[in-house]
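Before any comments, here is the structure.
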Amino acid sequence: MAETTTPTPTETAAPALTAPRREPRGYSVRSLPGFAVIAIFTFFALYAPILILVTYSFNAGTSLAIWEGFSLRWYYQAAANEAVQDAAIRSLYLAFCAATIATVAATMAALATTRTRRFPGKTMIYALINQPLMIPEIVTAVALLIVFAAIKVWTGHTSMIYLIAAHTAFCVPFAYLPIRARLETMDNTLETAAQDLYASRWLTFRRVTLPLMWPGIVAGLMLAFVISLDDVVITEFVKSAGQETIPTYMLGQLRRVVTPEVNAISTVILMAGVILVALFFRLTSRRR
Amino acid sequence: MTSQTAHAEPAEAAIADTTAIAVDVDRVSKIFRGETEVRALDDVSVGIRKNEFFTLLGPSGCGKTTLLRLIAGFEPPTMGAIRLGTRDISRLPPNQRPINTVFQNYALFPHMSVAQNIAFGLEMLGKPKAEVQRTVDEMLRLVRMEELKNRRTSEISGGQQQRVALARALAPHPEVLLLDEPLSALDLKLRKDMQIELKRLQHETGITFIFVTHDQEEALTMSDRVAVMSAGKILQVGRPRDIYERPAERFVANFIGESNFLDATLSGGTVELAAGGRFDVRVPEGVRDGAVSVLVRPEHASVRSGEAAEGETGATVENVVYSGEATVVHLRLATGEAMKIRLANAPQGGEAPPQTGGAAAIRIAPGAVTVLKD
């Protein structure tokens, strides 16, 4: 836009005919009053509490309000806490299983909804896949509680399978969205070209479709992982006795004494989330 | 001159005798059923010969790309058969047909290098590694891309992508190469170069090329034979010269080059123009004596200032347009019909073209008058 002195041949001549201007003269929402103020306030409201949480995780004292000097004390304490270790391992195991299964299912769903001819009910299926995003989590939680409670009584079986099933269910739409987005921007003629070049259906998928949709799959997997790691409501309703995850453990702690140990755990989860989400954006935006 | 199909065309009998049919399109129809039924191909028959550069020419929506996709196997025909030589391939999937395609958007695999793209077809055919390597190098040489073999396809220019797409399709040495408007994305200069390049590749590889385009000039300069299509039908098949000089129908004449359509009366082997002048003509099959429409190409007639003499047709000059290598004179005949004549420009100082508003005499070259079927 600012290039007015030496227009390259590819640029149209029209803008160069008018007097050089550096600012865009057209309509821009940024010039409307209030936008900057609201934007700044929103960022402040979002990030200030998190900043405080992170700061006090390094507090040397036991208070959540009075700063008593820098220390990694709460990190050591959390790491040494067997209940935290146990919950962390369970959380990671659960997130790994749920995210993996959900991503496989979401990949298949994305292929079925983008790589097939239009069929009756395609829109309906699309809506059904995304439904978990719309249903209030508490409703899903209660529904799962009732069904799983019945199954637990009936079979006497109380393993992690219930939590994995529940997490998989709500992770599917999160994994589905980036994979579908990736597939939709992919050129369909690439697969046609592969078949034209003697690739069977399976080889077309393995050599062309899969490598090209791979960034979407990884993005979906990471998103699902973060969502599972973070869940409280459904986990709280579905878990059997002794199946604490990090979020439910923290919730339990908050009912008793609140120490900066919770801040320290939160900060670690936060960092993990930030790293995964940053990678997610890199994967979905950088590659064309 | 007038036959609908390429089979047994009298003017080309000499060629037909010595060359076998590579692709035989036999009464093929393609109907797309959606909200409305679209008949993309309507009972099309054509025989494409071995080692020939064959062009499907027509405006967008005429069915040329559909016919190409049917030959490639991306769509099945609704009716009719497509044979490769004598073998019916209508129901074979694309990966079992020894036919490769150069796509309009090239469809290069973005996650592979130039060399990997070219190797793809050979690998899928299960060729040994050494042979794949050798053929890829050969293809890179053929399209002059050796130094860019390890580049990603997104890092090379449009013209280079075009060459890679060609090399990739030629590498498995198909019996037939299909080209779907491959030059349409290139700029004029590059397009001219690629036209020559394509002819060279076809000559060097000896592969049958079926080329789809809407560009009549491209079709005329590159093809051994051209099929002109409109509304799902093939109107005429012939050598570029036949198509241009002896179009069977008004559509063909209009679509290819510039045309003057004049009213005339046919009797025996002679037409008499309504505006004056008698010419011996070839009478197309199915045309009876009586009122007919005839074609005269603008460069097949000459015009000078002055009153018409014997064997000339009188006219008034309406406009004279200079365009570099030629001058186009727009004329109004005594019948009210418009006619334009293209005069090659001589060096300055030569005979001056007629002046606007003046009387002019038109002389139509013998054999320049073509009777149209409709």
Around atom CG of A:L210, are there more than 12 heavy atoms from other residues, nucleotides or ligands closer than 6.0 Å? yes

Contact class of B:E123 relative to chain A, heavy atoms under 4.5 angstrom: side chain

Are any of the side-chain heavy atoms of A:L197 and B:F109 separated by less than 4.5 Å? yes

Do other residues, nucleotides or ligands put more than 12 heavy atoms under 6.0 Å from B:M79 CE? yes

Is it the case that atom CE in A:M124 sees more than 12 heavy atoms from other parts of the structure closer than 6.0 Å? no

Give a yes or no on whether A:Y93 atom OH has more than 12 heavy-atom contacts from other residues, nucleotides or ligands under 6.0 Å away. no

Could you go through residues 168-176 of chain B and list every donor-acceptor pair under 3.5 Å that involves a side-chain atom there, pairing it with any protein atom two or more places apart or in another chain?
residue : atom : partner : partner atom : Å
B:R168  : NH1  : B:A107  : O            : 2.9
B:R168  : NH1  : B:N117  : OD1          : 3.4
B:R168  : NH2  : B:Y106  : O            : 3.2
B:R168  : NH2  : B:A107  : O            : 3.0

What I'd like to find out is whether the side chain of A:W214 reaches to under 4.5 Å of the side chain of B:H111, using heavy atoms alone. no

Residue part contacting chain A, namely of B:I99, when any heavy atom lies under 4.5 Å: backbone

Using a cut-off of 6.0 Å, state whether more than 12 heavy atoms not belonging to A:F96 lie near its atom CZ. no

In residues 83-96 of chain B, which residues are in contact with chain A at a heavy-atom separation under 4.5 Å? B:P94, B:N95

Strictly less than 4.5 Å between heavy atoms, which residues of residues 188-196 of chain A line up against chain B? Please order them by number. A:T189, A:L190, A:T192, A:A193, A:A194, A:Q195, A:D196

Can you list the residues of residues 199-208 of chain B that sit under 4.5 Å from chain A, counting heavy atoms only? none

In short, B:R97 meets A:Y198 closest at the heavy-atom pair O-CE2, 3.2 Å

